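A quick note: this is a predicted structure, and the numbers were derived from the prediction, not measured. Proteins get letters first, then strands, A, B, ... in listed order; numbering begins at 1 in each.
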Amino acid sequence: MKHFILSFIALLFFVFESIFAQLFASDVFGADKILVPRFIMIFVFFLTMFGSRKIGMLYGAILGLTYDAVYTEILGVYMLLIPFLAYLISKCMKILQNNILISCLVALLFTAVLEVVIFQMNIILSFADMGFAEYMDRRFVPTLLLNLVFIIISCYPLKRIIEMLDLQGELE
Amino acid sequence: MPQFFNKKLLLLLVSIIVLVALIGFSLREREELTWPEKFLKDTTGWVGNVFNKPVSGITGFVGDLKELQHTYDENKKLKARLDEYVLLKTQVQDLKEENEELRDNLGKEDDLRKYSPIQATVIGRNPERWHEMLTINKGKRNGVEKNMAVITSTGLVGKVKVATDFTASVQLLSSIDKANRVSAIIQGKDKAFGLIEGFDDEKNLLLMKRIPYDKKIKKNSLVITSGYGGIFPKGLPIGKVVDVKVDQYGLNQTAYIEPSTDFYDINNVMVVKREVGGVEDEMDGEDEVK
């Protein structure tokens, strides 16, 4: 049952990401800005923080693989990157205080890390043709703003749902 | 150092090897996807399709309301052009008939321009935005095949990159990929052939490369597909020339083309299947896919 609810939320975010990209691809937020929704990743980050590390990494790997297969068509990048970041997050949260503000900031920080790693990855695979300064201005800052808004909106409901499911006892 | 080779480090190394292997595997030119990928694509496509209807209903309504504001002005302009249109229509009709007659006289039935369209709705877009790709709700079951041209009512937008049973992903012309080429013609007195490859996404212009240096290209001339690639029909509009530059070594020219379609606002597309087939199956899309 727990996994059913979690998978359902994950699937919703997964599809919503693509619909969001389709709806806001035109110049709603200014002509040359590119906003990348990272809802799935934020979901996994919160799952790791409020739930458990194992479940976070497991969902990260599955969702990452789905993301690779469905959207980017280059297997492996998200599949390994998301669980790795989830692992780092769980390490971070052991040091940091576990309150909701800190959680939001950490989630934002890791979204930023993910963005930059993906950018470098695309540079290596020569799918990107953009200088770093241009990247910062056109993609990085708008993307972070969008995801910050999403984090603020979703963090409390997600925290409640994940804590209600009580994942701690299940896999650890 | 026994603690150096601990489990976690080993796991990290193994996953890096897996990463490189997987990337190598997926970057290869693949004819078919593996079945798990197809399964994932079809499943998420189905869910996307379910959500697409209400969402597009709402956004369509909002869009209609916005357009309502400009209706009066538009109506005035359109009325002014209506007479022109009637004239043009009779001319086109006349030319079509003449063309058909001449074709009959010659006994030539093949025509690179002929195609049959498959209507499709866009149900998603790659959120990552590095690979500009759309997902549409028609797949192999509806006759969509790899490498077919995808157009909107205003012009060419891209080609089918992957087709699964119920969905297909469309690679837009604006996506940066060396395998993404379309053979095109710049219309004018002196026709110039070239390849559309690459996109300047700061200025939103397509690049048409490999035009011979001695061709004189006028600004504002129209660009259409040439149909010599093997799969794309001839005569699909792409855009118009806004600027021409000579290449680094002076052997070729590059034309900057303003696309006739807005790549960021696509909702309904047509996948077109050319009626005259390519030369051989192996030769299919020689120009488009290299």
Side-chain angles (χ1 to χ4, degrees), chain A residues 8 11-28 31-32 34-41 61-62 65-81 83-84 87 115 118-119 121-131 134 137-139 143, chain B residues 8 12 15-16 18-27 30 33-34 36-41 43-45 47-48 50-52 55-56 59 122-135 161-162 167 169 171 175-178 198-204 262-267:
Chain A
F8 183 72
L11 185 68
L12 266 187
F13 279 155
F14 191 83
V15 174
F16 183 60
E17 216 172 70
S18 152
I19 292 176
F20 184 91
Q22 163 68 8
L23 286 182
F24 295 98
S26 47
D27 4 314
V28 185
D32 59 342
I34 297 175
L35 289 90
V36 184
R38 294 285 184 203
F39 304 154
I40 274 292
M41 295 73 183
I62 297 172
L65 177 65
T66 321
Y67 197 93
D68 281 332
V70 176
Y71 295 137
T72 64
E73 292 179 7
I74 293 172
L75 301 178
V77 179
Y78 285 92
M79 185 182 95
L80 293 169
L81 185 60
F84 182 63
Y87 178 79
E115 257 300 304
I118 292 295
F119 170 58
M121 207 72 204
N122 277 299
I123 292 270
I124 293 170
L125 298 175
S126 76
F127 283 112
D129 183 17
M130 220 185 238
E134 192 195 347
D137 179 43
R138 288 189 50 206
R139 288 190 73 122
T143 298
Chain B
K8 275 171 193 160
L12 189 68
S15 45
I16 288 174
V18 171
L19 173 72
V20 173
L22 276 176
I23 289 177
F25 171 71
S26 40
L27 280 184
R30 288 188 292 172
L33 291 182
T34 50
E37 286 172 273
K38 280 187 192 167
F39 172 75
L40 287 174
K41 268 183 181 287
T43 324
T44 49
V47 178
V50 170
F51 280 98
N52 181 54
V55 170
S56 66
T59 50
V122 178
I123 53 174
R125 194 185 182 99
N126 177 7
E128 198 202 29
R129 301 287 296 277
W130 285 114
H131 317 261
E132 288 285 11
M133 277 195 285
L134 302 174
T135 314
K161 193 178 182 215
V162 169
T167 64
S169 18
Q171 186 174 36
S175 102
I176 295 169
D177 182 354
K178 295 212 169 63
F199 184 70
D200 183 335
D201 64 356
E202 213 173 342
K203 292 179 210 144
N204 259 329
D262 179 5
F263 291 128
Y264 299 106
D265 188 16
I266 303 171
N267 291 314

Exercise for review: Measure the spacing between CZ of B:Phe199 and OG of B:Ser175 and express it to the nearest 0.5 Å.
Suggested key: 10.0 Å

Study note, to complete from the structure: The interface call for A:Phe16 against chain B, heavy-atom contacts under 4.5 Å, is neither

Revision key, fill the gap. So, the part of B:Ser15 with a heavy atom under 4.5 Å from chain A: the answer is both

Practice item. Would you indicate whether the side-chain heavy atoms of A:Glu73 and B:Lys41 approach each other to under 4.5 Å? Key: yes

Revision key, fill the gap. Okay, B:Leu40 and chain A: the region with an atom under 4.5 Å from a heavy atom over there is both

Review point. Say you draw a straight line from CH2 of B:Trp130 to CZ of A:Arg139; how long is it, rounded to the nearest 0.5 Å?
Key: 4.0 Å

Point to revise | Side chain proximity check, A:Leu23 to B:Val55, heavy atoms < 4.5 angstrom | key: yes

Review point. Got a second to check how far A:Arg38's CZ is from A:Thr143's OG1, nearest 0.5 Å?
Key: 7.5 Å

Practice item. To the nearest 0.5 Å, tell me how far B:Leu33 CG sits from B:Lys161 NZ. Key: 9.0 Å

Point to revise | Residue part contacting chain B, namely of A:Glu134, when any heavy atom lies under 4.5 Å | key: side chain

Study note, to complete from the structure: If one checks every heavy atom of A:Leu80 against chain B at 4.5 Å, the contacting part turns out to be side chain

Review point. Side chain, backbone, both or neither: which part of A:Phe39 has an atom under 4.5 Å from a heavy atom of chain B?
Key: neither

Check your understanding: Side chain, backbone, both or neither: which part of B:Leu134 has a non-hydrogen atom closer than 4.5 Å to chain A?
Key -> side chain

Review point. Who wins among B:Pro127, B:Ser26, B:Pro36, B:Gly198 for the most heavy-atom pairs under 4.5 Å with chain A?
Key: B:Pro127

**Study point:** Max heavy-atom pair count under 4.5 Å with chain B, selected residue of A:Val70, A:Asp68, A:Leu65
**Key:** A:Val70

Point to revise | Side chain, backbone, both or neither of A:Met121 within contact of chain B (heavy atoms, under 4.5 Å) | key: side chain

Review point. Heavy atoms, side chains only, cut-off 4.5 Å: are B:Met133 and B:Glu128 in contact?
Key: no

Review point. Side chain, backbone, both or neither: which part of B:Val20 has a heavy atom under 4.5 Å from chain A?
Key: neither

Point to revise | Segment of A:Leu81 engaging chain B (4.5 angstrom heavy-atom cut-off) | key: neither

Revision key, fill the gap. CG (A:Leu12) and CD1 (A:Ile19) are apart, to the nearest 0.5 Å, by 9.5 Å

Check your understanding: Quick one: what part of B:Phe25 sits under 4.5 Å from any heavy atom of chain A, side chain, backbone, both or neither?
Key -> side chain

Exercise for review: Could you tell me the separation between the CD1 atom of B:Ile123 and the OG atom of B:Ser56, rounded to the nearest 0.5 Å?
Suggested key: 11.0 Å

Review point. A:Leu11, A:Ile118, A:Val36: which one forms the most heavy-atom pairs within less than 4.5 Å of chain B?
Key: A:Val36

